[in-house]
Amino acid sequence: MAQLRQHAAEIVSLNAQVVVISFGTALGAQVWPKETGAPFTFLLDPDRAAYRAYGLEHSVARAWGLKVWGRYAQLMLAGRKWRGTLREGDSGQLGGDFIVDRDGVIRLAYRSHDPTDRLPIRQLLGGLSNWSAPN
């Protein structure tokens with residue numbers, strides 16, 4: 001999310017917008033923008049209909065593997081605050097990155113293998129420049 005936040009102006013210049021979808025709680029939806037400073041639209045999907053529709057997996061083993069613990073340790077050593085998983089309620093739900101055009105066609109789909117697995121920002125921005133068009 002930090003990378004997306006750093007490129008928010010570029011995303012807007014590509015006539016695109018970021019929508020974050022979470023199955024978390026209403027409290028999490030209120031706190032998340034303040035904690036992250038992210039200027040993005042935040043939607044709740046408590047039934048995880050979007051997660052199922054986009055084929056996102058659930059895996060506690062991959063969500064809490066050694067690679068993930070190592071990344072969390074790196075972030076905390078760098079001064080990042082541990083946000084925990086209490087607001088989300090299910091730490092095994094995996095996410096992904098998608099580019100969906102204005103007609104609802106999925107132009108890019110990346111399903112994360114674990115919480116540390118995200119599409120590089122340049123690849124996302126490249127996908128946006130390929131598929132975004134002026135109004």
Side-chain angles (χ1 to χ4, degrees):
M1 191 57 59
Q3 287 185 347
L4 284 174
R5 188 180 61 237
Q6 292 168 0
H7 292 274
E10 188 174 353
I11 292 167
V12 169
S13 76
L14 291 168
N15 198 32
Q17 65 178 346
V18 174
V19 177
V20 177
I21 300 174
S22 173
F23 57 86
T25 65
L27 173 62
Q30 293 171 352
V31 173
W32 182 84
K34 294 173 188 162
E35 284 183 350
T36 63
F40 309 127
T41 301
F42 188 95
L43 302 175
L44 285 178
D45 177 21
D47 297 326
R48 298 186 217 187
Y51 286 80
R52 285 189 302 280
Y54 283 82
L56 296 170
E57 295 181 282
H58 184 277
S59 173
V60 172
R62 282 188 278 145
W64 290 104
L66 288 177
K67 178 181 172 187
V68 176
W69 279 108
R71 181 65 180 141
Y72 287 157
Q74 276 181 325
L75 292 170
M76 288 189 299
L77 287 171
R80 296 273 299 274
K81 181 183 169 195
W82 169 258
R83 289 181 44 226
T85 59
L86 294 178
R87 276 186 236 115
E88 288 80 22
D90 183 353
S91 61
Q93 179 62 61
L94 300 174
D97 300 305
F98 299 86
I99 295 177
V100 182
D101 72 15
R102 67 185 73 231
D103 296 320
V105 176
I106 298 172
R107 298 297 182 172
L108 181 146
Y110 188 83
R111 292 163 185 89
S112 299
H113 181 262
D114 62 57
T116 68
D117 177 32
R118 300 314 292 216
L119 199 60
I121 189 67
R122 284 286 144 215
Q123 215 170 330
L124 272 172
L125 293 173
L128 285 174
S129 21
N130 289 334
W131 296 107
S132 62
N135 285 333

Query raised in the report: What residues, two or more places apart in sequence or in another chain, satisfy side chain to side chain donor-acceptor pair (under 3.5 Å) together with Thr116?
Result: Asp114

Query raised in the report: Does Arg111 reach the main-chain N or O of Gly95 with its side chain, forming a donor-acceptor pair under 3.5 Å?
Result: no

Requested in this report: Indicate, with yes or no, if Leu44 and Val20 share a hydrophobic cluster defined by side-chain heavy-atom contacts under 4.5 Å among Ile, Leu, Val, Met, Phe, Trp and Tyr.
Outcome: yes

Report summary line: Those residues at least two apart in sequence (or on a different chain) that pass side chain to side chain donor-acceptor pair (under 3.5 Å) with Asp45 are none

Query raised in the report: Step by step, would you call His7 with Arg122 a side chain to side chain contact (heavy atoms under 4.5 Å, CB included)?
Result: CA-CA 10 Å; His7 292 274; Arg122 284 286 144 215; 3.3 Å; yes

Report task. Taking ring pair (Phe, Tyr, Trp, His ring centres under 6.0 Å) as the test, write out the residues that go with Tyr51, two or more places apart. Result -> Phe23

Query raised in the report: Is a side-chain donor or acceptor of Ser112 paired with a backbone partner of Asp117 at a separation under 3.5 angstrom?
Result: yes

Report summary line: Sorted by chain and residue number, the side chain to side chain donor-acceptor pair (under 3.5 Å) partners of Gln17 (sequence neighbours excluded) come out as none

Query raised in the report: Do Leu94 and Ile106 share a hydrophobic cluster, counting only Ile, Leu, Val, Met, Phe, Trp and Tyr and linking them when any side-chain heavy atoms are less than 4.5 Å apart?
Result: no

Show the atom names and distances, to 0.1 Å, of all donor-acceptor pairs under 3.5 Å that link a side chain in residues 54-63 to residues at least two apart or in another chain.
| from | atom 1 | to | atom 2 | distance (Å) |
| --- | --- | --- | --- | --- |
| Glu57 | OE1 | Arg62 | NH1 | 3.4 |
| Glu57 | OE1 | Arg62 | NH2 | 3.4 |
| Glu57 | OE2 | Arg62 | NH2 | 3.4 |
| His58 | NE2 | Asp90 | OD1 | 2.8 |
| His58 | NE2 | Asp90 | OD2 | 2.9 |
| Ser59 | OG | Arg62 | N | 3.0 |
| Arg62 | NH1 | His113 | O | 3.0 |

Requested in this report: State the CG-CG distance between Leu124 and Leu108, to the nearest 0.5 angstrom.
Outcome: 6.5 Å

Query raised in the report: In terms of hydrophobic clustering (I, L, V, M, F, W, Y; side-chain heavy atoms under 4.5 Å; direct or indirect links), are Phe98 and Val19 co-clustered?
Result: yes

Report task. Decide, yes or no, whether a salt bridge links Arg5 with Glu35 under the criterion of side-chain N to carboxylate O below 4.0 Å. Result -> no

Requested in this report: Using modelled atom types only, decide if a donor and an acceptor are shared between the side chain of Asp47 and the backbone of Ala49 within a distance under 3.5 Å.
Outcome: no

Query raised in the report: Residues in ring pair (Phe, Tyr, Trp, His ring centres under 6.0 Å) with Phe42, at least two apart?
Result: Trp32

